[in-house]
Number of protein chains: 2
Amino acid sequence: MLMEVGRLIREDFRRRAEHLKLTQSQTLALAHLHKNPGISQVTLAERLEVHPVTITQLVDRLQRAGWVRREVHEDDRRAFRLYVTDKADPILEEVWKIAAQAREHALSGLSRTERDQLDSLLGRMKNNLVGAPTDRSE
Amino acid sequence: MLMEVGRLIREDFRRRAEHLKLTQSQTLALAHLHKNPGISQVTLAERLEVHPVTITQLVDRLQRAGWVRREVHEDDRRAFRLYVTDKADPILEEVWKIAAQAREHALSGLSRTERDQLDSLLGRMKNNLVGAPTDRSE
DNA sequence: TTCATTTTGTTAGTCTACTAACTATTAGCC
DNA sequence: GGCTAATAGTTAGTAGACTAACAAAATGAA
C-alpha cells in the first residue's frame, strides 16, 4: 500500500510537471542545487541519496541542457562546484508550486491531527529501518 | 517521508534478498507468475503496472537465466504463455519468507490498531490520487 | 619527503523503465 | 472475402540507478 501511494504521488507530480520538460530526478537535483549553490557532486549525491556515478550522468545532461554549470573548485582541483544557471529560475518557481499542489492533493481530506498521526507512524517505521542494520535471523 | 520509508523498505528487502541473485523486479515478476501460471506478457505488465516493453526485457533475462519459459499460446499465435520453471520453486519459498520478514521489520513496534490506522490513512490518500484525474487548477 | 590511503569524479557495463515506431496476428465491420 | 481496428510483442533509443574498476588529486603517516 505504501509503495502504491508513493508511486501514485510520483505519477501525479510527473503529470503536473511534464510541461517543464524535466524529469523528476532532474527537477529534484535542480531544486537542491538552488537551495545549496556551490556544492560538489559528492555532496549532491549524498543529499539525493544516490551514488556519485548517477550524479555524473545527471549533471552531464543538466549541463548540456544549460540548467547547471560546473566550476572548478578553488581549493580542490578534483572537485567541481555546481551552480544553477539563471535560465532555471522561472522553472524552479513552478517546481515549488507544483510540489505543494501534489502534496495537498494527496493529503486532501486529512485533518491536521491525521496528518500528524501519519507522520508519526511513518517516522517510527523509518526508525525501525535506519539505525538497526538488517538482522537476517529475525 | 513516505517516499523515504518506501525507499528504506525496498533497500531492506534488497539486502535480505541479495543472496538470491535476483533483482527486485525479477523477484516480483517471478512471484506473480508463480501465482498466475500461463498468463501473457501483457497481463503480467498490467499486474506489475509497467509497460509491456519492460516485460519483454525482464522475461528475456529470466528466460536466459532459466527461471521462466515462454510457450506459444494455443489460440493466439501472437501471444506467449509464461511459466515459472521448477528450478525457481526453492527460490520462491525464500522470497515469501523474506517479504514477511521485511514487512515485520518495518512495522515492528506498531500495534494492531496503529497498523490499521496507517492502512486507513494511506487508503484515503490513494483514493485522492486514483479516481480523480489531476486538476491542474487546484 | 615519499608512499599508502582517501576522496572526487570518470568510464564501462548491467538492469529497469519509458516513448516511439514497427511486425504479425486477430477481430470486426462492410 | 477484404479492409480496417485493435492487440501482442518486438526493436531502437533515452533516462536513471547500480557495481566495478579506474585516474587524478589531496591527505597523512613513516
Side-chain angles (χ1 to χ4, degrees), chain A residues 3 6-8 10-11 13-15 17-30 32-33 38-65 67-82, chain B residues 3-4 6-8 10-15 17-32 38-65 67-82:
Chain A
M3 303 295 172
R7 190 175 48 73
L8 288 168
R10 283 190 297 272
E11 242 171 48
F13 181 87
R14 186 184 46 69
R15 261 200 312 277
E18 62 191 356
H19 66 285
L20 297 181
K21 299 296 167 204
L22 285 166
T23 66
Q24 283 178 72
S25 312
Q26 291 174 349
T27 309
L28 201 58
L30 230 46
H32 264 83
L33 284 180
I39 63 174
S40 68
Q41 294 192 186
V42 199
T43 312
L44 181 59
E46 281 164 8
R47 301 286 172 81
L48 300 182
E49 303 185 76
V50 296
H51 282 230
V53 219
T54 307
I55 296 298
T56 299
Q57 302 178 5
L58 198 59
V59 173
D60 279 353
R61 293 199 185 89
L62 286 171
Q63 193 178 28
R64 268 203 299 276
W67 305 109
V68 158
R69 64 175 196 282
R70 281 177 165 115
E71 287 188 8
V72 280
H73 196 294
E74 58 276 19
D75 297 334
D76 187 341
R77 279 188 295 167
R78 295 168 306 179
F80 294 114
R81 285 183 174 285
L82 302 174
Chain B
M3 303 296 173
E4 200 172 345
R7 190 175 47 72
L8 288 168
R10 282 190 297 273
E11 242 171 49
D12 186 35
F13 182 87
R14 186 184 47 68
R15 261 201 312 279
E18 63 191 354
H19 66 287
L20 298 181
K21 297 298 167 204
L22 286 166
T23 66
Q24 283 179 74
S25 312
Q26 292 174 348
T27 309
L28 201 58
L30 231 44
H32 263 83
I39 62 173
S40 69
Q41 294 192 187
V42 200
T43 312
L44 181 59
E46 281 164 10
R47 300 285 171 81
L48 300 181
E49 302 185 77
V50 298
H51 282 229
V53 222
T54 307
I55 297 298
T56 299
Q57 301 179 4
L58 198 58
V59 173
D60 280 353
R61 292 198 187 90
L62 287 171
Q63 193 178 29
R64 269 203 299 276
W67 305 111
V68 158
R69 65 174 195 283
R70 281 176 163 116
E71 288 187 9
V72 279
H73 196 293
E74 58 276 19
D75 297 334
D76 188 340
R77 279 188 296 168
R78 294 167 307 180
F80 294 115
R81 284 184 175 284
L82 302 175

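The model shown is predicted, which means the values in this text are computed figures rather than measured ones. The chains referred to below are lettered A, B, ... by the order of the sequence lines, with proteins before strands, and numbering in each begins at 1.
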Item checked: C:dT26 - base-pair partner by Watson-Crick or wobble geometry, distances under 3.5 Å ->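 Because no pair has both required distances under 3.5 Å, C:dT26 counts as unpaired.
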Notebook entry, point to check: Applying a 3.5 Å limit to both distances, which nucleotide forms a Watson-Crick or G-U wobble pair with D:dA5?
Noted result: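 Base partner found: none.
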Notebook entry, point to check: Taking only N and O in the side chain of A:T54, is any of them less than 4.0 Å away from OP1 or OP2 of D:dC18?
Noted result: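 Looking at the OP1 and OP2 atoms of D:dC18, one of them is under 4.0 Å from a side-chain N or O of A:T54.
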Notebook entry, point to check: At under 4.0 Å, does any side-chain N or O of B:H51 touch on OP1 or OP2 of C:dT19?
Noted result: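 Checking B:H51 against C:dT19: at least one side-chain N or O falls below 4.0 Å of OP1 or OP2.
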Just the rounded figure in Å: distance from [atom2] of [N] to [atom1] of [X].
X     : N      : atom1 : atom2 : answer
B:M3  : D:dA17 : CE    : C1'   : 17 Å
B:R7  : D:dC18 : CZ    : P     : 10 Å
A:D75 : C:dT7  : CG    : P     : 17 Å
B:R14 : C:dT16 : CZ    : P     : 13 Å
A:H73 : C:dG9  : NE2   : P     : 9 Å
B:Q24 : D:dA17 : CD    : P     : 14 Å
B:E18 : C:dC15 : CD    : P     : 16 Å
B:K21 : C:dT14 : NZ    : P     : 16 Å

Margin query: Strictly below 4.0 Å, N to O, side chains only: are A:R81 and A:D76 in salt-bridge contact?
Written below: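 No, A:R81 and A:D76 are not salt-bridged.
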[atom1]/[X] to [atom2]/[Y] distance, rounded to the nearest 0.5 angstrom?
X     : Y     : atom1 : atom2 : value
B:H32 : B:E46 : NE2   : CD    : 11.5 Å
B:T54 : B:L48 : OG1   : CG    : 9.5 Å
A:L44 : A:L33 : CG    : CG    : 5.0 Å

Next item on the list: Taking atom types as modelled, find out whether A:R70 and A:Q63 have a side-chain donor-acceptor pair closer than 3.5 angstrom.
Entry: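 There is such a pair (donor and acceptor under 3.5 Å, judged by atom type) between the side chains of A:R70 and A:Q63.
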Margin query: What I want to check is whether the side chains of B:R61 and B:Q26 have a donor and an acceptor closer together than 3.5 Å.
Written below: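 B:R61 vs B:Q26: no donor-acceptor pair found between side chains.
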Note to self: Strictly under 4.0 angstrom, non-hydrogen atoms only: write out the protein contact profile of nucleotides 3-15 of chain D, one letter per nucleotide from the 5' end, B, S or -.
What the structure shows: ----BSSBBB--S
Next item on the list: Answer syn or anti for D:dA5, where the cut-off is 90° from 0 on the glycosidic torsion.
Entry: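 Glycosidic conformation of D:dA5: syn.
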Notebook entry, point to check: Under a 4.5 Å cut-off applied to non-hydrogen side-chain atoms, are A:W67 and A:L22 in contact?
Noted result: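 Answer yes - side chains close enough.
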